Amino acid sequence: MLEPARLHWEQIRNGFILRQYDDDYFFCTHSVHERRIPDPNEDRGEFRFAIIDKSPDDDGGIVVGYFRYYLCILEDAVYGIQALSFVPKEKHPCIGLDVYREVVRLIHTHNKVNFSCLDTAPAVHLYDRLCEKYKGRKNIYYEDVMDNRRVFHDKYEYEIFNPNHPKYGCKAQNLIGG
């Protein structure tokens, strides 16, 4: 379940500190140099959420991840989707499901959704299926990003248009190849 990040900021901050130097953080930021922990007071058009696992025996639930995106009001477009798990995915499969539901909601409510990931990221298959289902575009930048071990990774960039968005009208089918 997604809840506003400000309600759980201390747990999110601790989660970032614990994951800052591992591969999942690298997959989230696409950079070995980006070590900045998000500041709750910076907004800049960001929508930030804590991914909460509400078990039946726990009242408030525990923070198992972080989800963020930018919304450009002028274009009615979503950019920069990031998801970071603070726990192993075997323990909390709700992370992928919550992120998937939110991305699908964004696709249906905005003109365009644009996001990227690396070739070895756990969510690549999910993003490929979303792109195929909604007839989006996938661009591949070969050996674009280098990790801590000096290994290069391919970067995938996805762009999905909402065919029912009023901005396109009848042109939507031509835009998405339908």
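None of the values given here were measured: they were computed from a predicted structure. One is the number of the first residue; the rest follow in order along the sequence.
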Mind checking whether [X] and [Y] have side chains closer than 4.5 Å, heavy atoms only?
| X | Y | result |
| --- | --- | --- |
| Phe49 | Tyr69 | yes |
| Tyr70 | Val78 | no |
| Phe152 | Asp144 | no |
| Leu71 | Phe47 | yes |
| Ile62 | Ile52 | no |
| Val63 | Ile51 | no |

Problem - Pair Val64-Val87, side chain to side chain contact (heavy atoms under 4.5 Å, CB included): steps then yes or no - result: CA-CA 6 Å; Val64 294; Val87 295; 3.8 Å; yes
Say you draw a straight line from [atom1] of [X] to [atom2] of [Y]; how long is it, rounded to the nearest 0.5 Å?
| X | Y | atom1 | atom2 | answer |
| --- | --- | --- | --- | --- |
| Glu143 | Asp119 | CD | CG | 9.5 Å |
| Gln82 | Ser116 | CD | OG | 8.5 Å |
| Ile107 | Asn164 | CD1 | CG | 12.0 Å |
| Asp154 | Leu118 | CG | CG | 9.0 Å |
| Asn114 | Asn139 | CG | CG | 9.0 Å |
| Tyr134 | Phe161 | OH | CZ | 16.0 Å |

Handout entry: For Glu159, all residues meeting salt bridge (charged side-chain N to carboxylate O under 4.0 Å, His left out), sequence neighbours excluded
Key =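 With neighbours one apart ignored, the set is Lys112, Arg137.
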Problem - Residues in salt bridge (charged side-chain N to carboxylate O under 4.0 Å, His left out) contact with Asp128, at least two apart in sequence or another chain - result: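 Counting only residues at least two positions away or on another chain, Asp128 forms a salt bridge (charged side-chain N to carboxylate O under 4.0 Å, His left out) with Lys138.
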Handout entry: Positive for side chain to side chain contact (heavy atoms under 4.5 Å, CB included) with Phe67, one of Leu84, Ile81, Asp98
Key =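 Checked Leu84, Ile81, Asp98 against Phe67; only one passes side chain to side chain contact (heavy atoms under 4.5 Å, CB included): Ile81.
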Exercise for the section: Check the hydrophobic clustering (I, L, V, M, F, W, Y; side-chain heavy atoms under 4.5 Å; chains of links allowed) and say if Tyr158 and Tyr142 are grouped together. Expected result: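 Yes, same cluster.
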Practice task
May I ask you to decide whether Glu132 forms a salt bridge with Arg129, counting only side-chain N to carboxylate O separations under 4.0 Å?
Solution key: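 No.
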Problem - Residues which pass side chain to side chain donor-acceptor pair (under 3.5 Å) with Asp76, listed by chain and number, not counting sequence neighbours - result: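 Counting only residues at least two positions away or on another chain, Asp76 forms a side chain to side chain donor-acceptor pair (under 3.5 Å) with His110, His165.
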Exercise for the section: Carefully, step by step, assess Tyr141 and His153 under the rule side chain to side chain donor-acceptor pair (under 3.5 Å). Expected result: CA-CA 9 Å; Tyr141 301 96; His153 296 271; over 6 Å; no
Problem - For the student: nearest non-hydrogen atoms of Glu102 and Arg105, plus distance - result: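 Reported closest heavy-atom pair: OE2-NH2, 2.7 Å.
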Problem - Least distance between heavy atoms, Gly136 atom then Ile160 atom - result: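 In this case the closest contact between Gly136 and Ile160 is CA-CG1, 4.1 Å.
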Practice task
Measure centre to centre between the rings of Phe115 and Tyr79, then say whether the value is under 6.0 Å.
Solution key: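 No, the ring of Phe115 stays outside the 6.0 Å limit from the ring of Tyr79, centre to centre.
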Problem - Residues Tyr66 and His8: side-chain donor-acceptor under 3.5 angstrom - result: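 Not at all, the side chains of Tyr66 and His8 share no donor-acceptor pair under 3.5 Å.
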